[in-house]
Amino acid sequence: RRFESYRQMSNDVVNEIVYPLVATQNGRATNYALLGLEARSKTMYIEAGDDIYEGMIVGETNASHDLECNPCKQKQLTN
């Protein structure tokens with residue numbers, strides 16, 4: 001899932017704990033890496049081609065802890 005839109009502010013306060021996906025590498029996000037992260041993420045804040053820096057929060061995880069990831073991982077080209 002990706003951020004869709006802003007909504008009107010509600011008066012209901014929800015105590016929701018959000019655990020982030022944190023980038024471990026500098027570079028450009030690749031579609032290959034984001035497809036691998038899709039199963040472990042609730043929401044992604046980036047898309048393929050975005051510039052990423054180390055420590056950047058790139059999304060929210062389904063896990064009950066912070067998750068370090070490499071959204072710049074490239075597919076190995078071997079023969």
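If you're wondering where the values come from, they're calculated on a predicted model, not measured in any experiment.
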**Item:** Met56 side chain reached by Ile46 side chain, heavy atoms, under 4.5 Å
**Value:**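 Yes. Closest side-chain heavy atoms under 4.5 Å.
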
**Prompt:** Do Asn62 and Ser41 have side-chain heavy atoms sitting under 4.5 Å apart?
**Reply:**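 Not touching, per the 4.5 Å side-chain cut-off.
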
Roughly how far, to the nearest 0.5 Å, is [atom2] of [Y] from [atom1] of [X]?
| X | Y | atom1 | atom2 | value |
| --- | --- | --- | --- | --- |
| Thr24 | Glu54 | OG1 | CD | 7.0 Å |
| Leu37 | Lys73 | CG | NZ | 9.0 Å |
| Tyr19 | Thr61 | OH | OG1 | 10.5 Å |
| Leu21 | Lys42 | CG | NZ | 10.5 Å |

**Request:** Using the test ring pair (Phe, Tyr, Trp, His ring centres under 6.0 Å), find all partners of Tyr53 that sit at least two apart in sequence or belong to another chain.
**Result:**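 By the ring pair (Phe, Tyr, Trp, His ring centres under 6.0 Å) rule, Tyr53 matches no residue at all.
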
**Co-members of the apolar cluster containing Leu35 [side chain, <4.5 Å]** =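 Members alongside Leu35: none; it stands by itself.
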
**Request:** Determine, using the 4.5 Å side-chain heavy-atom cutoff (strictly less than), whether Ile52 and Met44 are members of one ILVMFWY cluster.
**Result:**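 Cluster IDs for Ile52 and Met44 match.
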
**With sequence neighbours excluded, residues passing side-chain hydrogen bond (donor to acceptor under 3.5 Å, both in side chains) with Asp51** =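 Residues passing side-chain hydrogen bond (donor to acceptor under 3.5 Å, both in side chains) with Asp51: Arg28.
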
Heavy-atom pair of closest approach, residues [X] and [Y]:
| X | Y | answer |
| --- | --- | --- |
| Ala48 | Thr30 | CB-C, 4.2 Å |
| Ala33 | Cys72 | CB-N, 4.2 Å |
| Tyr45 | Glu60 | OH-OE2, 2.6 Å |

**Message:** Working note: Cys69 + Val58, criterion side-chain contact (heavy atoms from CB on, under 4.5 Å); need CA distance, chi angles, decisive distance, verdict.
**Reply:** CA-CA 9 Å; Cys69 63; Val58 296; 3.8 Å; yes

